[in-house]
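When reading the values below, keep in mind they use all heavy atoms of this one structure, side chains included, and skip hydrogens, waters and symmetry mates. In listed order, ligands and their atoms are each counted from 1. Nothing fancy with the numbering, it's 1 onward along the sequence.
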Amino acid sequence: MNKCALLATISVLALCSSSALAEESADPIIIPIHNWSSQIVDSNVVGQILQSVGANVEYVTTDSQAVYESIRLGDVALEVEVWEGAFGKSFRAAQEKGGIVDVKTMNAVTREDWWYPSWTKEACPGLPDYKALNDCAALFATPETGDKGRFLGGPVDWLKHDQERVDALGLNFTVVNAGSAAALWAEIAAAEKDKKPIVLFNWTPNFVDAVWPGEFVEFPAWEDGCDVDPAKGPNPDKAFDCGNPANGYMKIAAWDGMEAKWPKAYVVLQKVDFTNAQLAEMAKMVDVDNMEPEDAAAKWLADNEAVWKPWTE
Ligand code: TMO
């Protein structure tokens, strides 16, 4: 028997206010963790904030695409970083099936795409135009890619459809996927030693912004539907013939049962908002300062009380 029902049976129903009825579940709020640093840190930041208002929190490591189905089914409660470029498609698919809420669009503006550190442009001066990149493809060749250039993509679960883009735009590149985000940074650092041209997947906000100046390759501009509709973009026969959105959103998503089950936590979640600078800083604490994500989150909270305390009030 819950507390209200018990009170009702002893005839003190008047004490049972509506806020007591909207009692917070003691079940853990399950927060998914993925494989890039800002997401790992800000998920811990949000988890620690929710704990500070009394919630129980658990973290699970999940695939960054399948997570939208897990949220829809209520297996995990929320996602702190819905990047438009990588996850817009999976998020929209889950929304169409129902069970997932678009909680908010955060302040941060995102971009995820082919990128090069600045020394690359000295070897291939027509950059950032993708046609110039294509003419320079041989500069990016490796033993693995023969006479084609190597594009170093991110881990496959980010589903960037780079191979489809190579095919749709006729690029002289072979896509090789890195096993982890850390492998991307190691390759930039190695290329920097002899200023070897390199083109790889990167995104902003990220710590990279402050460590290696560089630019995104400019592909034909993203149009809504370019990932599904061959008519969009310059190649009339193929989808994926556009760059990713250059001013992409970053959203928070949640299970549609979260508000009823954890009403207080949900109100806090609706107020959570991160800027590009804050996300870049969180990534830096892990990728440059080698902090554990949990400690980075605790430090961020200690350093930024003025930012997040109001979210809990
Ligand atoms: C999925 N990511 C934000 C790393 O591009």
Is Asp27 paired with Lys261 through a side-chain N to carboxylate O contact shorter than 4.0 Å? yes
I'd like to check which ligand 1 atoms, numbered from 1 as shown, lie under 4.0 Å from a non-hydrogen atom of Phe87. 1 (C)
Is the shortest side-chain heavy-atom distance between Ile252 and Val82 below 4.5 Å? no
Is there at least one pair of N or O atoms, one from Glu112 and one from ligand 1, spaced under 3.5 Å apart? yes
According to the interplanar angle, ranging from 0 to 90°, do the rings of Phe173 and Phe140 count as parallel (below 30°), tilted (30 to 60°) or perpendicular (above 60°)? tilted
Polar contact flag, side-chain donor to acceptor under 3.5 angstrom, Asn107-Thr275: no
Considering only heavy atoms of Phe201, which atoms of ligand 1 have at least one such atom less than 4.0 Å away? 5 (O)
